Each structure stands twice: as structure tokens, then as C-alpha cells.
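Notes follow once the structure below has been shown.
The figures here come from the full heavy-atom set of this structure, side chains too, leaving out hydrogens, waters and symmetry mates. Every number for a ligand or one of its atoms is a count from 1 in the order of the listing. These figures come from a predicted structure and were not determined experimentally.
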Amino acid sequence: MFKLENLVRNNIKNLEPYSSARDEYKGDAKILLDANENGMGNLFFNGDNALENNYHRYPDPQQSHLKKAIARLKGLNENSIFLGNGSDECIDVLYRCFCEPSKDNVIICPPTYGMYKVAANIQNVEIREVLLKPDFQMNCSKIEKAIDENTKLIWLCSPNNPTGNIIERSSIIQLLQEFRGIVVVDEAYIDFSSEPSLLSFLQNYPNLVILQTFSKAWGLAGLRLGMAFASPAIITIMNKVKPPYNINTITQEYIISAIAAVTVIDTTITKIVANRKKLAANLADFPFVRKVFNSDANFLLVKMDNAKSIYRYLLTEGIVVRNRSDEPLCSNCLRITVGSDKDNDLLIKALTKYSTITDEKSFVY
Ligand SMILES: *Cc1c(COP(=O)(O)O)cnc(C)c1O
């Protein structure tokens, strides 16, 4: 049986969270002398403009306006939303809420996103790696064997980075039903997928946490906004642990405007998905390409005859892709982000040149 209070670390259960000046006073006062801000204004602007953009004030620690906009966008209640300085902060906060260092463990399914492991190592939390199967689906029976009484979190990524595939719903549901810890499903790439998000599952599974981000489909990686969606009970614990002012004012304001312009994102996604299809077909035509894996994301995993030398060659052409050859199940694989039309054309031109050079057998990278 899932019981949240059995999962939360004791020190977190008893934690008295920091109460900021902006938490304690939420009204519309004329004069704010409670937070030691600079009442003269933002020094980057001189004179009359100094007070214009409110950057001399701390941001809203609860991000209420932004959460209202995201709640409408996702069809959720605000108390089911946690906002992080990128999903990476959501990942870190989940460890700090639930995993006792040197005692608890988590399960990850490589090849997958690297931060689940790094964040665990930072907190000194044991990682149990259960490889995906050769078809990149999760190995449920091995996961069940790896679980013990100290297993707090299972990390799934769907669509998975770097393989690009969706993890089958039926196996995620099985895990949600059987595991008495928390299942985290990272949906950073869900907007590019033909499959729907698991958000509707939140009502039925109190042990589900879903991560999404503004870094990929929304094209706002530089603003750092990640989201965790879960039961209000889990969100309350996460809010206790986060730094008070973790989402800055510019990000809060800018993303409220971005959400108001929501139709723009649909056009972008359609375009990227069309470019993914075209790029996959173009790549598959090269004699040195063994396989272009199906992708539900904005990148392609591509198996090649000599991935490392192609990776180095592309660098000499000023093109950077991600070499994933050393990841399990990914030998000789490059991960290539679907770019703009121009980016994709330049990549194909460079690879065409590579195939003529290597035909002459005179060139070694
Ligand atoms: C890119 C990516 C993220 C996004 O991280 P942010 O910190 O929100 O930029 C999260 N998870 C996966 C699997 C990713 O590939």
C-alpha cells in the first residue's frame, strides 16, 4: 500500500520551512520595508526608470499568477503544481524530500537522462540501474526484483532521452499499481509525441509525479522553468524544500505572456515533427547509417557504422551532435536534435560530403 508519510524523510516531515517576507505579507501595501530590498529601485536604470519594472522586489515565492496560467493550460488545480528552476531542480527537490542519504535507493532505467544519476550521487543516494530491454521498453520483472523496502523513487522518461521512444502505458500502470514508492515520469518531450501525456492518471495514482518543462517545445530553455505535477500532498512537501525565490520575476512574467500566445506553440510543434520525419528519411539514405530509431521527441537516435569518427568529422564542419556511443544499448549511436530547416540542410550537406570523402578511403577522423 502507498502511504506518503512512510516515504518522506523524517527531517523533512519535521521541517519548519523558511517564511519569507513575501510569504508573511501578501497584501497591496504602499510602502514595503520588510524585505531589505533597495527602495531606490533598480540601479541598472537611472532616475525615473529605476522603479519601472519591479526588479528591485523579490519575486512571488508561490508564483501564484504563473501557476494560475499553467493550471488553465494543463487542466489541473494549482495545488497539483510545483515549479522549479528547470526540471533539474524538480529532480533535485524530489531526492531531498524522499531519499535518506546512505540509506534509501532509487531505480533508473539506462540509457536515460543523466541528471537522475548525478542528482542521486550529489545526495549520496544509491542508484539501482535496470537496463531497458533491446526494444527500449522497461524491464518490469527486473525492476520488481530490484525493489526493496528502501526503494523510494523509480525514474522513467517518456519519450525517453536519448532513445526517443514512448514507454508503454500498460507497463507504467503496472508499476504504479505494484510499487509502494513514487513513480516519476519525465515528460520533457511529450509535446512532440503522438501519445497523450499521463496527466489524467494523477487522479487515480497518488504515487505518480509527472515532470514537464518549458525548455523544449516552448523554446524557453534559457528562462529555466520546469514543472512537477502530483497530488497536493506531494506538492506541499516539495514546496517546503525548495528555495523560497526559485523562479525569478522575468521568468514568471515572460511565461505568463508565452502561455497567452499558446497557438504559436502548436505551429512550432507541427513544424518540428514534420522536420523530424524529413530528417529521418534523409539520414536513412546514407550508406553508413544502420538505423534511425523511431522518435516521439525532437531528436533522432541514429546508429552508424563509425559514429565516433562521424561525430569528430561533424565537429570539424562546425556541427555539434551528441555522441551517445558509450551509453548502454547505444553503441555507435549519435543523438541528433531536429533543428531549423537551415540547420538540417547543413547537416545533410556535411554528411553527403563525408560519404564522398570516406569513399576515397583517404580520410580518417
Ligand atoms: C531536456 C530535458 C529536461 C529539461 O530540463 P530543464 O532543467 O527543464 O531544462 C528534463 N528531462 C529530460 C529527459 C530532458 O531531456
Side-chain angles (χ1 to χ4, degrees), residues 63 66-67 70 73-74 81-96 106-120 122 127 129 132 136 138 153-167 172 182-193 195 197-199 208-230 238 242-243 246-248 250-252 254-255 258-259 265 268-269 272 276 293 295-301 320-324 327-330 333-339:
Q63 306 109 14
L66 179 52
K67 276 187 190 159
I70 292 173
L73 178 72
K74 301 289 175 183
I81 303 171
F82 171 88
L83 299 180
N85 191 327
S87 313
D88 289 348
E89 187 174 57
C90 303
I91 295 169
D92 183 59
V93 166
L94 283 164
Y95 278 111
R96 291 192 288 140
V106 303
I107 292 173
I108 65 171
C109 302
T112 193
Y113 186 47
M115 279 308 289
Y116 313 140
K117 189 174 187 170
V118 174
I122 290 170
I127 300 160
E129 302 194 42
L132 294 175
F136 299 146
M138 65 171 152
L153 307 172
I154 297 177
W155 294 93
L156 302 175
C157 186
S158 180
N160 187 41
N161 176 2
T163 56
N165 62 296
I166 280 273
I167 305 293
I172 298 179
I182 291 172
V183 178
V184 187
V185 182
D186 185 343
E187 293 189 334
Y189 299 99
I190 195 66
D191 299 297
F192 304 107
S193 174
E195 295 281 322
S197 154
L198 295 185
L199 281 181
L208 173 63
V209 175
I210 294 173
L211 303 182
Q212 293 184 5
T213 178
F214 278 84
S215 296
K216 306 289 157 63
W218 287 84
L220 296 170
L223 292 183
R224 312 304 302 130
L225 191 72
M227 299 163 275
F229 305 114
M238 294 178 75
K242 79 174 181 69
N246 62 328
I247 312 296
N248 71 69
I250 298 182
T251 299
Q252 294 196 36
Y254 196 97
I255 291 185
I259 291 171
I265 186 194
T268 319
I269 291 168
I272 291 173
R276 178 179 77 203
F293 291 93
S295 172
D296 267 87
N298 65 341
F299 56 83
L300 293 163
L301 188 72
V320 195
V321 299
R322 196 98 153 107
N323 177 16
R324 299 282 79 182
E327 297 293 306
L329 308 178
C330 295
C333 284
L334 302 182
R335 190 194 72 193
I336 303 176
T337 306
V338 178

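Looking only at atom types and distance, the side chain of Asn246 has a donor-acceptor partner in the side chain of Gln63 under 3.5 Å away.
Tyr189 OH, 2.6 Å is the protein heavy atom nearest to atom 15 (O) of ligand 1. Of the protein's non-hydrogen atoms, the one nearest atom 7 (O) of ligand 1 is Arg224 NH2, 2.6 Å.
Ligand 1 has no nitrogen or oxygen under 3.5 angstrom from a nitrogen or oxygen of Asn85. At least one N or O atom of Ser87, backbone or side chain, sits closer than 3.5 Å to an N or O atom of ligand 1.
Taking 4.5 Å as the limit, every side-chain heavy atom of Pro159 sits out of range of all side-chain heavy atoms of Asn165. In this structure, Leu199 and Phe229 have side chains that are in contact, with non-hydrogen atoms separated by less than 4.5 Å.
In this structure, the separation between CD1 on Ile81 and CD1 on Ile70 is 6.0 Å, given to the nearest 0.5 Å.
Within 6.0 Å of CZ on Phe293 lie more than 12 heavy atoms contributed by other residues, nucleotides or ligands.
Under 4.0 angstrom from ligand 1, the non-hydrogen atoms of Asp88 come from both its backbone and its side chain. If you look at Phe214 next to ligand 1, there are no close heavy atoms at all, none under 4.0 Å. When heavy-atom distances to ligand 1 are checked against a 4.0 Å cut-off, Ala188 comes that close only through its side chain, counted from C-beta outward. Contact annotation: for Glu89 versus ligand 1, there are no heavy atoms closer than 4.0 Å.
Comparing Asn298, Asp186, Thr213, Asn161 against atom 11 (N) of ligand 1, the shortest heavy-atom distance belongs to Asp186.
The one candidate from Ile210, Val185, Leu198 that meets the side chain to side chain contact (heavy atoms under 4.5 Å, CB included) condition with Ser158 is Val185.
Under 4.0 Å is where a charged nitrogen must lie from a carboxylate oxygen, and between Glu89 and Arg224 no such pair does.
For ligand 1 and Cys157, the ligand atoms under 4.0 Å from any heavy atom of the residue are 13 (C). Heavy-atom contacts of Lys216 reach the following atoms of ligand 1: 1 (C), 2 (C), 3 (C), 4 (C), 14 (C), 15 (O) (cutoff under 4.0 Å). Close contacts between ligand 1 and Ser215 involve ligand atoms 6 (P), 8 (O), 9 (O) [criterion: under 4.0 Å to a heavy atom].
Using cut-offs of 30° and 60° for the angle between ring planes, the Tyr116 and Tyr113 rings count as perpendicular.
Between Phe299 and Phe192, the ring center distance fails the sub-6.0 Å criterion.
Ligand 1 lies out of reach of Met115, whose nearest heavy atom is not under 4.0 Å from it.
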